[in-house]
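All ligand and atom numbering here is 1-based and tracks the order in the structure. In this chain, numbering begins with 1 at the start of the sequence shown. Predicted model, so just to flag it, every value in this text is computed and none were measured.
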Amino acid sequence: MNEVKSLFYRESLLEKLHEIQNSYGYIPEIEIENLAEKYMLPRANVYGVISFYSMFYTEPTGKYIIRICDSISCHLNQSDSVLNAVKSFLNLESHQTTEDKKFTLEIVECLGHCGEGPVMMVNNKIYKKVNKNTALEILNNCL
Ligand code: FES
């Protein structure tokens, strides 16, 4: 496959993965098989693309995906205190989902607002300069 064709397939595959994830909330095994067949790729290649992008999931997630940045800039601004408060409140570790499927917690790398950390993201909404109290307030508003 030449480079242009390969790029086209990759872009098209990413678009399909987004559509599937938007529809199911994750990418089920059957859809991975369908994509592998459609793009004439080994399933491992489709999994490779999915696992490269941290915002694709192969398991159902919570209604609210809580992402807390723990990269250096946020860490220097006490993101660990926010993280510990959220972990304790939800009784979760990173990449876990509450039994009621309401929350999924993820410790992530930089969310692109390094000067305003600690940064927390709930689904697509960014919260800057959070502390443990504001983080818990945000979670309480999701209940
Ligand atoms: S280091 Fe946290 S947003 Fe960049």
Can you list the atoms of ligand 1 that are under 4.0 Å from a heavy atom of [X]?
X      : answer
Ser73  : 1 (S)
Ser71  : 1 (S)
Cys114 : 1 (S), 3 (S), 4 (Fe)

Problem - N/O/S from His113 sitting under 2.8 Å away from atom 4 (Fe) of ligand 1 - result: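 Coordinating: no.
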Handout entry: Cys69 near atom 2 (Fe) of ligand 1: N/O/S under 2.8 Å
Key = yes
Problem - Side-chain heavy-atom pair Gln21, Tyr57 within 4.5 angstrom cut-off - result: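 Side-chain contact under 4.5 Å: yes.
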Problem - Side-chain heavy-atom pair Met121, Lys125 within 4.5 angstrom cut-off - result: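 Heavy-atom side-chain distance check fails, nothing below 4.5 Å.
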Problem - Atom CD of Glu15 with >12 non-hydrogen neighbours under 6.0 angstrom - result: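 No - once you tally the heavy atoms of other residues, nucleotides and ligands closer than 6.0 Å, there are 12 at most.
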Exercise for the section: Verify the neighbour count for atom CG of Asn91: are there more than 12 heavy atoms of other residues, nucleotides or ligands below 6.0 Å? Expected result: no
Problem - Derivation and outcome, side chain to side chain donor-acceptor pair (under 3.5 Å), residues Thr104 and Thr61 - result: CA-CA 6 Å; Thr104 296; Thr61 58; 4.7 Å; no
Practice task
Determine whether any heavy atom of Gly112 lies closer than 4.0 Å to an atom of ligand 1.
Solution key: yes
